[in-house]
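Residues take their numbers from the sequence shown, with the count starting at 1.
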Amino acid sequence: MRCFCVKYKVEYKLTAITAFLNGMLSQMLDIKFGIKSRSTVLCWGKNYKKCGLDDLKKSKNLIEHSIKFKKYILE
């Protein structure tokens, strides 16, 4: 499972992950860091343990579409 969230900076993610790995409960992390989904920090932690810091730095290759294209799709 991979998180495709680029909303948070690497330093922010690493701080949350460190707190998680030091035993802070995911519910408290959500309150302290303002992350809406409990699974987000858990996912970051799993990816960090598996792939290290490089995984947090990677771009997730999100594509931004123009408003014109979005309107075309909706029609």
Side-chain angles (χ1 to χ4, degrees):
M1 178 181 191
R2 295 187 58 92
C3 297
F4 291 96
C5 182
V6 293
K7 181 178 175 180
Y8 303 99
K9 293 183 179 183
V10 174
E11 296 82 13
Y12 189 80
K13 290 180 183 180
L14 192 54
T15 303
I17 290 168
T18 302
F20 170 69
L21 294 176
N22 287 330
M24 186 178 280
L25 298 175
S26 62
Q27 294 89 342
M28 295 304 294
L29 287 168
D30 296 341
I31 293 168
K32 182 176 179 176
F33 293 98
I35 299 167
K36 295 190 185 346
S37 172
R38 287 186 200 169
S39 63
T40 300
V41 176
L42 298 175
C43 185
W44 291 346
K46 287 178 186 177
N47 287 342
Y48 179 72
K49 282 183 174 180
K50 184 177 179 182
C51 303
L53 187 59
D54 290 337
D55 188 65
L56 297 177
K57 292 180 181 179
K58 289 181 184 175
S59 169
K60 303 303 180 191
N61 297 325
L62 298 177
I63 299 171
E64 288 191 31
H65 297 288
S66 68
I67 293 174
K68 183 178 178 182
F69 178 77
K70 291 176 184 180
K71 284 181 181 179
Y72 172 77
I73 294 298
L74 290 174
E75 293 172 357

Euclidean distance, Thr18 OG1 relative to Met24 CE, rounded to 0.5 Å: 11.0 Å
Exceeds 12 heavy-atom contacts within 6.0 angstrom, atom CD1 of Ile67: no
Heavy-atom side-chain proximity of Asn47 to Ile17 below 4.5 angstrom: no
Residue list, side chain to side chain contact (heavy atoms under 4.5 Å, CB included) with Thr15, at least two apart or on another chain: Phe33
Exercise: identify the closest heavy-atom pair between Tyr48 and Leu14: CE1-CD1, 3.8 Å
Under the ring pair (Phe, Tyr, Trp, His ring centres under 6.0 Å) test, residues paired with Phe69 that sit two or more places apart: His65
